[in-house]
Amino acid sequence: QVQLVESGGGLVQPGGSLRLSCVVSGSIFSLDAMGWYRQAPGKQRELVAGITRITNYATFVKGRFIISRDNARNTVYLQMNSLKPEDTAVYYCNTLSGDYSWGQGTQVTVSS
C-alpha cells in the first residue's frame, strides 16, 4: 500500500519561504509523475506543480515555486518563495493522476 507523508508547512509572513517535503513509500517512485496540490478552505483541490522529466506550474505560482525530486530518497519537494496570503492552504502530494490515497497534507498559512 502506497503512503504519502507531507511535511514542512507552517506559519510564514508574506514574502517568506517554505520548503515542503513528501515521502512516498510502497511504490516504484522513480516511475511516478508527481505533483503538489493544495486545497484552501471552501475551495476545490487544485494542482500547483508537476514533475516528470520536465516541470510544470500553475500560472498562479510560476516564478515563485520550484518542484523537485530525489528518487534515491523517494521524496518530492516544493520550494515556495515570495509567499502570498492567497497561498494559504493544505498542501498535498500525489501522482499527476491522483493514483494514490491522499495523505494528511501539510498546512501552510501566510499571514502577517
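The first residue in the sequence is number 1, and the count goes up from there.
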Do [X] and [Y] have side-chain heavy atoms sitting under 4.5 Å apart?
X: Phe65; Y: Val48; value: yes
X: Pro85; Y: Pro14; value: yes
X: Tyr100; Y: Ser27; value: yes
X: Cys22; Y: Val5; value: no

message = If you count every heavy atom of other residues, nucleotides or ligands that lies below 6.0 Å from Glu86 atom CD, does the total exceed 12?
response =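 Count over threshold, so yes.
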request  = Could you tell me whether Gln3 atom CD has more than 12 heavy atoms of other residues or ligands within 6.0 Å of it?
outcome  =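 At most 12 heavy atoms, drawn from other residues, nucleotides or ligands, come within 6.0 Å of this atom.
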Which of these passes side-chain contact (heavy atoms from CB on, under 4.5 Å) with [X]: [options]?
X: Met34; options: Leu96, Asn94, Val24; value: Val24
X: Trp36; options: Leu47, Ile67, Val61; value: Ile67
X: Leu83; options: Thr109, Val110, Thr88; value: Val110
X: Val76; options: Leu4, Asp32, Ile51; value: Ile51

request  = Find out whether the Lys NZ or Arg CZ of Arg19 is both under 6.0 angstrom from the six-membered ring centre of Tyr77 and within 45° of the ring's axis.
outcome  =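 Positive - Arg19 is close enough to the ring of Tyr77 and near enough to its axis.
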key: Euclidean distance, Gln13 CD relative to Leu11 CG, rounded to 0.5 Å   =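 Atom-to-atom, Leu11:CG and Gln13:CD are 8.0 Å apart.
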Residues [X] and [Y]: side-chain donor-acceptor under 3.5 angstrom:
X: Asp70; Y: Thr75; value: no
X: Arg38; Y: Tyr91; value: yes
X: Ser17; Y: Asn81; value: yes

ask   = By salt bridge (charged side-chain N to carboxylate O under 4.0 Å, His left out), which residues pair with Arg64, not counting sequence neighbours?
value =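 Here the qualifying residues are Asp87.
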request  = Following the transitive rule for hydrophobic clusters with a side-chain heavy-atom cut-off under 4.5 Å over Ile, Leu, Val, Met, Phe, Trp and Tyr, establish whether Val108 and Phe60 coincide in one cluster.
outcome  =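 Linked within one cluster.
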inquiry  = Would you say Leu18 ends up clustered with Ile66 if hydrophobic residues are merged whenever their side chains have heavy atoms under 4.5 Å apart, either directly or through other cluster members?
reply    =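 Yes, Ile66 connects to Leu18 through the hydrophobic network.
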inquiry  = For a quick test of reading the model, state the closest non-hydrogen atom pair linking Thr106 to Gly9 and the distance between them.
reply    =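 It is OG1-N, 2.9 Å.
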query = Between Leu78 and Ala49, which heavy-atom pair has the shortest distance, and what is it?
reply =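 Closest heavy-atom pair between Leu78 and Ala49: CD1-CB, 4.2 Å.
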task = List the steps, then state whether side chain to side chain contact (heavy atoms under 4.5 Å, CB included) holds for Glu46 with Gln39.
result = CA-CA 6 Å; Glu46 59 186 358; Gln39 187 167 19; over 6 Å; no
ask   = Is there a donor-acceptor pair under 3.5 Å between the side chain of Gln107 and the backbone N or O of Gly10?
value =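 Between the backbone of Gly10 and the side chain of Gln107 there is no qualifying donor-acceptor contact (under 3.5 Å).
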key: Set of ring pair (Phe, Tyr, Trp, His ring centres under 6.0 Å) partners for Tyr92, sequence neighbours left out   =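 For Tyr92 the ring pair (Phe, Tyr, Trp, His ring centres under 6.0 Å) partners, ignoring immediate neighbours, are Trp102.
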